[in-house]
Visitor: 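Below you will find the structure I want to go over with you.
These numbers come from the heavy atoms of this one structure, side chains and all, not from hydrogens, waters or symmetry mates.
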Amino acid sequence: MVASLSSGVIPRIMHGEDISKPVLQILAIKKINSNADSERYRILISDGKYFNSYAMLASQLNEMQHKGQLNEFTIVQLDKYVTSMVGKDGAGKRVLIISELTVVNAGSEVKVKIGEPVTYENASKQDLAPKAAPPLANAPAKKEPAFKNNNNNNISMNTSINSGMTHPISSLSPYQNKWVIKARVTSKTAVRTWSNPRGEGKLFSMDLMDESGEIRATAFKEQCDKFFDMIQVDSVYFISKCQLKPANKQYSQLNNPYEMTFTGETVVQLCEDADDGGIPDIKYNLVPISEVSGMENKAAVDTIGICKEVGELQSFVSRTTNKEFKKRDLTLVDMSSSAINLTLWGDDAVNFDGHVQPVILVKGTRINEFNGGKSLSLGGGSIMKINPDIPEAHKLRGWFDNGGGDNIANMVSARTGGGSFNTEWLNLKDINIRQLGRGDKPDYFQCKAVVHIVRQENAFYRACPQTDCNKKVVDEGNDQYRCERCNALYPNFKYRLLINMSIGDWASNRWVTCFNEIGEQLLGHTSQEVGEALENDSAKAEQMFSALNFTSHIFKLRCKDEVYGDMTRNKLTVQSAAPINHKEYNKYLLKELQELTGIGSATK
DNA sequence: CCCCCCCC
């Protein structure tokens with residue numbers, strides 16, 4: 001049963017009449033040759049009497065075309081559409097943009113073009129008049145255009161509000177410049193400045209959402225100043241006259257092929273309705289902290305927890321960009337008896353007051369994985385709420401204030417170090433073959449090696465006695481030691497180990513450096529004992545150090561080129577030294593043998 | 001027109 005078309009409606013639609021759910025036939029569909037990132041389809045569509053060759057699919061319908069649902073002769077019902085001018089205001093062509101449709105009859109079923117349609121631009125005056133009689137009786141009377149191009153923005157805004165003629169975010173495209181969206185701000189960045197060879201300036205971005213979709217908007221320079229204070233997360237705004245451009249998917253996690261830029265023409269008006277008019281609330285997909293362990297690195301996480309511990313504000317200069325960053329690490333705990341670290345940046349880090357152990361709700365934080373531990377980082381499109389007034393927050397408060405956070409069993413951010421399975425097995429010759437350590441980031445690997453020589457010279461230094469300061473102190477004489485980092489004089493110091501030793505495997509041998517804790521572990525003595533022996537009892541020191549010779553370990557090594565003056569040295573640092581787990585090591589050897597020989601691939 | 005978020 002092939003449906004009948006809504007004969008003669010195309011000219012009326014193109015003249016601004018709002019016709020509910022017209023039934024039309026697709027006569028042709030083709031991809032527009034535009035930017036490779038933004039796929040668009042243009043269609044030739046007919047009502048049986050007239051056709052329109054300037055119709056386009058909103059990108060969320062591309063999928064239907066991919067599935068072959070919009071072939072030649074398909075009969076469709078337009079559930080949602082807008083018309084708009086393409087090109088410069090008033091000078092261009094009017095297009096029909098379809099954002100929702102239903103397939104009524106497949107093209108393969110219809111098989112033929114219905115009627116002998118001519119271009120709607122040839123329609124007579126009579127055909128433009130709204131028809132009074134059915135079948136289009138339920139079509140509403142002709143409405144004012146959603147957003148008149150006049151100078152009084154408020155009047156046209158109100159027109160659009162009252163007539164409910166805002167546009168869905170998902171229908172926005174560069175092909176259409178007259179629209180008003182009604183959208184909730186789901187996140188907002190801090191103001192950031194930039195300076196590069198192409199210029200400098202400042203900007204902030206926000207993410208906008210309505211029932212149809214989401215989009216990122218950015219305000220530069222003057223617009224940044226003009227709108228930054230006005231835009232508030234969670235509020236709903238009417239927004240119009242932004243410039244649309246293809247989104248760079250490399251940077252945007254939002255589900256929209258476009259993003260927008262505020263311009264001098266941009267109008268933003270707060271929607272003060274108590275009822276937000278169907279704009280959904282921000283949805284938090286709250287994940288228990290324990291579940292983050294099982295999630296992918298770099299995945300986005302919404303969660304809620306109590307800030308049990310607050311780290312100091314830290315400042316550092318990025319090695320790659322030379323920019324200064326401020327950060328602060330928090331530890332969040334929740335009722336899954338788990339703890340995770342959360343990193344705050346910039347003003348969030350500076351202004352954070354964790355002494356009252358507030359409830360922290362975050363949305364869109366990123367997972368960073370290191371050595372098997374996972375932590376969260378609050379970045380670009382993330383939001384943080386402190387003590388939000390939601391039931392989950394009150395529940396957590398009650399739980400924590402009654403001692404709930406005292407027995408945290410699961411440290412999601414803890415590094416699994418030691419016998420972790422994810423470090424690659426290599427030998428010491430592979431370092432050269434694979435050119436490890438040349439990149440910006442260090443390379444990590446493990447190998448089985450035997451200790452050849454342990455150097456006693458410079459195996460320790462006298463360090464600042466403060467717990468967290470390990471800086472070498474200056475001996476001022478008369479039993480006074482000065483720490484330049486703490487800018488203080490102390491009557492004492494602590495010994496710290498910094499041991500160089502040569503280790504070898506079947507392929508090669510290399511000098512490696514061990515820091516304090518691993519040095520203590522390998523020598524089987526505290527740094528204090530080792531330091532005292534080296535300073536006062538050379539026979540005892542010799543005994544300690546020689547005991548380490550010719551012992552075998554599984555070394556986890558960090559490999560990185562380091563520059564000393566004009567010299568670059570490929571440096572190996574011991575991350576861990578563990579006894580040989582023969583079961584695990586043999587498994588690796590068997591796998592290597594299989595790969596080398598191709599024999600025994602069925603062996604488990 | 002930005003798109004940086006280190007280190008371990």
Visitor: Could you tell me the separation between the CZ atom of A:F370 and the C1' atom of B:dC5, rounded to a whole number of Å?
Guide: 17 Å

Visitor: On the nucleotide B:dC1, are OP1 or OP2 found under 4.0 Å from the side-chain N or O atoms that A:N196 carries?
Guide: no

Visitor: Give A:K245 one of three labels, base, sugar-phosphate or nothing, depending on what nucleic acid heavy atoms sit under 4.0 Å from its own.
Guide: base

Visitor: Rounded to whole Å, how long is the line connecting atom CG of A:D329 with atom P of B:dC7?
Guide: 14 Å

Visitor: How many whole angstroms separate atom CZ of A:F220 from atom P of B:dC1?
Guide: 6 Å

Visitor: Are any of the side-chain nitrogens in A:E312 or A:K327 under 4.0 Å away from the carboxylate oxygens of its partner?
Guide: no

Visitor: Indicate every side-chain donor-acceptor pair of residues 298-307 of chain A with a distance under 3.5 Å to a residue at least two apart or in another chain.
Guide:
residue : atom : partner : partner atom : Å
A:K298  : NZ   : A:N368  : OD1          : 2.5
A:D302  : OD1  : A:G364  : N            : 2.9
A:D302  : OD2  : A:N285  : N            : 2.9
A:D302  : OD2  : A:K363  : NZ           : 3.1
A:T303  : OG1  : A:V287  : O            : 2.6

Visitor: Quick check: does any side chain N or O of A:S527 sit under 3.5 Å from a backbone N or O of A:Y495, one acting as donor and the other as acceptor?
Guide: yes

Visitor: Can you tell me how far P of B:dC4 sits from CH2 of A:W194, to the nearest Å?
Guide: 14 Å

Visitor: Here's one to test your reading of the geometry: is the NZ or CZ of A:R455 within 45 degrees of the ring axis of A:W511 and under 6.0 Å from its centre?
Guide: yes

Visitor: Is there side-chain contact between A:M501 and A:H452, with at least one heavy-atom pair below 4.5 Å?
Guide: no

Visitor: Heavy atoms only, 4.0 Å cut-off, all strands: where does A:G380 land among base, sugar-phosphate and nothing?
Guide: base

Visitor: Which part of the nucleic acid does A:R366 contact within heavy-atom distance under 4.0 Å: base, sugar-phosphate only, or nothing?
Guide: nothing

Visitor: Would you say A:K298 reaches B:dC5's phosphate, i.e. side-chain N/O to OP1/OP2 under 4.0 Å?
Guide: no

Visitor: Can you find a side chain N or O atom of A:R216 that sits less than 4.0 Å from OP1 or OP2 on B:dC2?
Guide: no

Visitor: Identify whether any heavy atom of A:T218 sits under 4.0 Å from a base atom; if not, whether one sits that close to sugar-phosphate; answer base, sugar-phosphate or nothing.
Guide: base

Visitor: Can a donor-acceptor pair under 3.5 Å be found between the side-chain atoms of A:E259 and the base atoms of B:dC3?
Guide: yes

Visitor: Whole angstrom is fine here: how far is it from CG in A:D443 over to P in B:dC7?
Guide: 13 Å

Visitor: Starting at CD of A:E312 and ending at P of B:dC7, how long is that distance when rounded to a whole Å?
Guide: 22 Å

Visitor: Without decimals, in angstroms, what is the distance between A:L254 CG and B:dC2 P?
Guide: 19 Å

Visitor: Please report, rounded to the nearest Å, how far the P atom of B:dC6 is from the CG atom of A:L342.
Guide: 14 Å

Visitor: Do we see A:Y251 stacking on the base of B:dC3, given a limit of 5.5 Å between centres and 30° between planes?
Guide: yes

